[in-house]
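Input: a single structure, listed below in structure tokens.
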Amino acid sequence: MDQDSERARFVDAHWAALVQRVKMVMPIVDELRSGGMMEWEPNCKIRAANTNQEKMRELYEVLHSGGDKVKSAFYSQLEKHESCLFRALGNIAQTAEALIESLNKYKKWIQREYEYVTEYNSLPGEYVLLSERYTQPLIIMRHREKGEREEEMCSVGESFQQLLISRNNVDKDSSILDALFCVDNKGISPCSVILQGNSGNGKSFTAQKSMLDWASGNLHREEFDCLFHLKCKELNHISGEQSLAELLSHNSNLTSDQISQILQKSPEKILILIDGFDEFRFSHSDTSNMPKLSHVSEKAPPEASLKALLRGHILSESFLLVTTRSTATKTLGSLLKHPQRFTEIIGFSEKEVEEYFQRFFQNEELFRKAFECVKANETLITACSIPVICWIICTVMRERFSDGADVTSGLETTTSIYVDFVSTLLEHHCQGLSQPVPILLRSLGQLAERGMLEKQVLFEEKSMHETLSNPAGSPFLCKFLFKRRICQETMFSFMHLSFQEFFTALYFISLAERDFLDKLTERFHSQTQSYLALYLDEKYGCPEPHFLPVIQFLCGLSHKEVSSSLEETLNLSVHSFVRAQLEEWILHVSASRDYNFLPFILHCLYELHEKEFVQKAMEAWQELDMSWDPLSRMDCWALLYCLDCCPLFRSLKLNFGAEELKMLQPVLCRTPELELTVQNFSDTDVADLLSALGEGKRLRELRLNSSCLSDESVQQVLNALHKQKNVGGLQIAVKSISADTAHVITDFLQTKARWEEISLRTDDAESLCSSLRLFSFEGKLVLNVVKWCSGLQNEPSLSEIILKCPHSKASSINIKSFLQSFHSVNCITDESADFDRQVNALLSQLPSVSGLSAINLSVPVLTETWASRILFLVESCPRLAVISFNAGLKGSDGTEGLPGLLMEEGIKLLKESTKRPECIVNIRGQFQISRWAKCQRCSSEWKSYYSSCTH
């Protein structure tokens, strides 16, 4: 930096003090005039000013327009005419050293002040570490399309999580400031960044974390020498005129003079965080009369200083990061200097929710319990994308843990969390409401209901004023800008569809009894619901599918504790007729035992959270069948609560994921009769399953789907079957069917366990077989072994073999040797020289199976050789009553593939063979009369080998 520039920075840094303290104004002006640094007209204006302060302000216009050269000349005259003041201010070197020291002290002050946060419910003197609360949210660096907004609004659970993750643009390994101000793909680095976010989305926390990162040296970027924090909410309480330097001093330990020096020294390395732009109350008067500011030390109303900073009239070279709600983004964009960048906090994915819970509880056991409770509720885990909801849930759960509540009793109802959220936003994120809270909530509810009726989640701006006088002032609404042809379109929405559903329910409870009943009647008896007359009578009907969540929220609002909280915090009363009507409908549906509505009824009962009524409603459901589709976590949680209220339950038929097994374990343990389908089951879930099964149950069916169990796990499951009264069927997907698997099955057959079917299947191509089934049929034991066809290149030579014998003779089947031989046959083709030997080795084992009464073989083609093998089995198995030969293959899913061929020479050999009347031979396939003849379907049966074959 040259001498003129250094002197100019000194003048700018100390200008506020110079205005107040320079006495020799006119001698300095005369020297500047005589040196050719000033024209006649400004000289006259300075002379006409009444006070030294006014003269100095006029002089600044000359210095500012003249640049560093004129300021340097002023510096020389100041040193000459105001030597005492000059020494008091210090020379350039002393000033630079003092600034460095002040800046270091400022950083330490930031570290102390910004390390802690005060929570909404903190008592005087209470605080927590920012590191125990702040989790970096997901941020998108572009405006989203209308379709993207609608998709996010209507998604829940896993699909919602995937959408959030796909939208994120900020790497978690970098600081937010590093990401927000990085160079884009066009090589442009912004000087102004808009950070948009809904109420409670963590905008202020993000600003605080950015300040702390800078002060602690955790930024990778080096262009920011200093950060300042301007809180718009605090600016609203400042009266009178203040300079920008004075405004910035409100969140600093620096004086306005020190701040002025820092700002003027290197404005291109300054970042100012302006937090909560939407909260600033702009005047509605004519702003054209506001002073045109050009210096950080010029005093003006806060609005004028803020606008001058945003527009770049002051500190044009500095960087700005402005946080705002979406309702003020358009206004901010029109004020903010360029180049701008738009970014938006979109909240937490499930990963960030988990991280937040872990930071909050600082205890692995409590964190895990709380997080699993929320993870079980699709609505809540979706709502937790809003950080403040995470805080509400964690706070509620911590209180429950400290009160000794059993975590298995569940989280607070979903509705109670939404009520707490509304109360929190109204108290802490809603300044200067233009209407009473009940009227605001009713207006929001009317808007929400209109959206529910019209099945829309985005509302045009022009239609908003039909229900809301000031939609931009509501913390519950989001405002979006979309491109529409050559124009911009402004639309509003609730934060998520679930909040729209909740506000609809709030509106319903505000109605008089007659109006409330009319609303329910409309929704329960719409034309789209006429088909329900098959299930429910005309009086009760059923709500439209998209309206079901509203009914659940109504049930939740009817919960005694929730309704008390509503009256206390929001001044809303829930009339007794609301609960009475809902309970009457639930009892009617329960009495009808319509399983289509069972999951929904369970959710309603969970939200009502009234044990005596739950018991009354569940009396009709002593046998629950919820096996048609896998239950969600939320379904399981509602089921668990309802069954905890009804300990004497007889029978359950359930279909759920392995993750839910541990959750449902207490209920499964005490239910005497079970039919279970468990999805995505693995070795790590076996212990939970064994604990859930216990002993002495009637286990109708146990299906362990999409699993890859080891032989050890299979053995453990089979051992558990010994302890039950009886077992219908067991179906397990395993890693592989090996010799060890055969050994496990052999051991099980030698026990006295009562069972009807055991089925193992695998996708392992190297396995001895694809499927192994043992089941009872007509009082006999059936062994079914299948090798699936995965393609023409892997066509098995023998795709299926079925044996039937008495249960008492099961031990005569050497399953291990049998499977190994079956595998050997399918490892080679029938053209191989070793093929006959391997097939003979397999079939030669069958005569040793005592009481073997039926055999079924599936091969691609009936050849003369295979016909001779059939005859061998007929002759060597004295008890054989039926042998079936299917020419064809099994598909990869075990279904029948295309039929195979019945060769003429094979049929001829069977016809001409010796007679054995007591054995029936069934043959299926396409009959080929000669090599060139067309094939036709054939099913033949011989009661003796000399019978004729009908084609």
Side-chain angles (χ1 to χ4, degrees), residues 114 117 119-120 128-144 148-149 152-153 155-156 160-182 193-214 218-219 229 273-278 321-326 329 341-360 371 374-375 380-395 421 424-425 428-429 475-476 478 480 495-496 498-499:
Y114 282 62
V117 293
E119 298 185 295
Y120 295 134
V128 295
L129 291 172
L130 178 64
S131 60
E132 294 178 1
R133 293 294 179 269
Y134 181 76
T135 297
Q136 183 169 311
L138 303 180
I139 295 178
I140 187 172
M141 294 192 185
R142 61 177 176 84
H143 291 277
R144 282 169 285 177
E148 291 180 306
R149 293 281 188 183
E152 292 168 21
M153 285 279 295
S155 298
V156 294
F160 180 75
Q161 303 301 327
Q162 293 304 317
L163 283 178
L164 287 188
I165 294 170
S166 68
R167 307 273 198 262
N168 181 49
N169 293 133
V170 175
D171 188 350
K172 293 295 289 283
D173 294 331
S174 64
S175 74
I176 284 185
L177 287 184
D178 290 330
L180 297 186
F181 287 92
C182 68
V193 173
I194 298 171
L195 182 59
Q196 178 180 292
N198 297 329
S199 299
N201 250 24
K203 301 182 296 294
S204 296
F205 266 24
T206 299
Q208 182 172 339
K209 181 64 164 58
S210 298
M211 292 291 295
L212 187 59
D213 281 347
W214 166 75
N218 293 329
L219 294 186
H229 193 184
L273 277 67
I274 303 173
D275 189 20
F277 175 80
D278 58 287
L321 172 59
V322 190
T323 72
T324 182
R325 282 182 57 228
S326 59
T329 299
R341 172 173 292 166
F342 172 83
T343 65
E344 183 177 6
I345 294 176
I346 55 177
F348 290 163
S349 70
E350 186 176 309
K351 181 180 178 182
E352 283 73 43
V353 174
E354 184 175 10
E355 181 182 337
Y356 183 95
F357 275 55
Q358 197 164 20
R359 289 176 183 275
F360 186 99
F371 179 69
V374 174
K375 191 178 177 182
L380 281 186
I381 196 66
T382 302
C384 275
S385 65
I386 304 172
V388 75
I389 288 192
C390 286
W391 176 81
I392 291 171
I393 292 175
C394 287
T395 301
F421 174 71
T424 300
L425 259 59
H428 300 283
H429 294 261
F476 306 103
C478 310
F480 308 120
M495 295 178 181
H496 187 265
S498 62
F499 292 98

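In this text, all values refer to a predicted model and were calculated from it rather than measured experimentally.
Smallest separation of non-hydrogen atoms from Tyr134 and Lys209: CE2-CG, 3.5 Å. Closest non-hydrogen pair, Gly202 versus Pro387, comes out as N-CG, 4.4 Å. Looking at every heavy atom in both residues, Ser210 comes nearest to Leu273 through CB-CD2, 4.0 Å. Contact detail for Gln161 and Glu350: the closest heavy-atom pair is OE1-N, 2.5 Å. For the pair Met495 and Pro475, the tightest heavy-atom approach, listed with the atom from each and the gap, is CE-O, 3.2 Å. The shortest heavy-atom contact between Asn198 and Ser326 is OD1-OG, 4.3 Å.
Contact annotation: the side chain of Phe181 approaches that of Leu321 to within less than 4.5 Å [non-hydrogen atoms, C-beta and beyond]. Side-chain contact between Asp213 and Ile176: absent, with no pair of heavy atoms (C-beta onward) separated by less than 4.5 Å. Using a 4.5 Å heavy-atom threshold, the side chains of Ile345 and Thr206 count as touching.
Going from atom CG of Leu164 over to atom CD1 of Ile140 covers 10.0 Å, rounded to the nearest 0.5 Å. Interatomic distance, Met211 CE to Asp275 CG, rounded to the nearest 0.5 Å: 10.5 Å. Atom OG1 of Thr324 and atom CD of Glu344 lie 11.0 Å apart (nearest 0.5 Å). Once rounded to the nearest 0.5 Å, the distance linking CG of Leu163 with CD1 of Ile346 reads 9.5 Å. How far CE of Met141 is from SG of Cys182: 5.0 Å, rounded to the nearest 0.5 Å. How far CG of Leu138 is from NZ of Lys351: 9.5 Å, rounded to the nearest 0.5 Å.
With sequence neighbours excluded, the residues forming a side-chain hydrogen bond (donor to acceptor under 3.5 Å, both in side chains) with Glu354 are Arg368, listed by chain and number.
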Requested in this report: Start with the C-alpha distance between Val156 and His496, add both sets of side-chain angles, then the distance that settles side chain to side chain contact (heavy atoms under 4.5 Å, CB included), and finish with yes or no.
Outcome: CA-CA 9 Å; Val156 294; His496 187 265; 3.9 Å; yes
**Report entry** Pair Arg133-Phe360, side chain to side chain contact (heavy atoms under 4.5 Å, CB included): steps then yes or no
**Finding:** CA-CA 6 Å; Arg133 293 294 179 269; Phe360 186 99; 3.3 Å; yes
Report task. Start with the C-alpha distance between His143 and Glu148, add both sets of side-chain angles, then the distance that settles side chain to side chain contact (heavy atoms under 4.5 Å, CB included), and finish with yes or no. Result -> CA-CA 10 Å; His143 291 277; Glu148 291 180 306; over 6 Å; no
**Report entry** CA sep, side-chain torsions, deciding dist, call: Ser498, Thr382, side chain to side chain contact (heavy atoms under 4.5 Å, CB included)
**Finding:** CA-CA 9 Å; Ser498 62; Thr382 302; 5.8 Å; no
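Side chains of Glu352 and Ser349: a donor-acceptor N/O pair is present below 3.5 angstrom, by distance only. Checking Arg325 against Ser199 by side-chain atom types alone, a donor-acceptor pair falls below 3.5 Å.
Using cut-offs of 30° and 60° on the angle between ring planes, the pair Tyr120 and Trp391 is perpendicular. The aromatic rings of Tyr356 and Phe348 are tilted relative to each other, their planes meeting at an angle between 30° and 60°. Relative ring orientation between Phe421 and Phe476 is described as perpendicular, the plane-to-plane angle rising above 60° on a 0-90° scale split at 30° and 60°.
A side-chain donor-acceptor contact under 3.5 Å links Arg359 to the backbone of Ser131. Between the side chain of Asn201 and the main chain of Ile386, no donor-acceptor pair closer than 3.5 Å is present. Checking side-chain atoms of Lys203 against main-chain N and O of Gly197 turns up a donor-acceptor pair under 3.5 Å.
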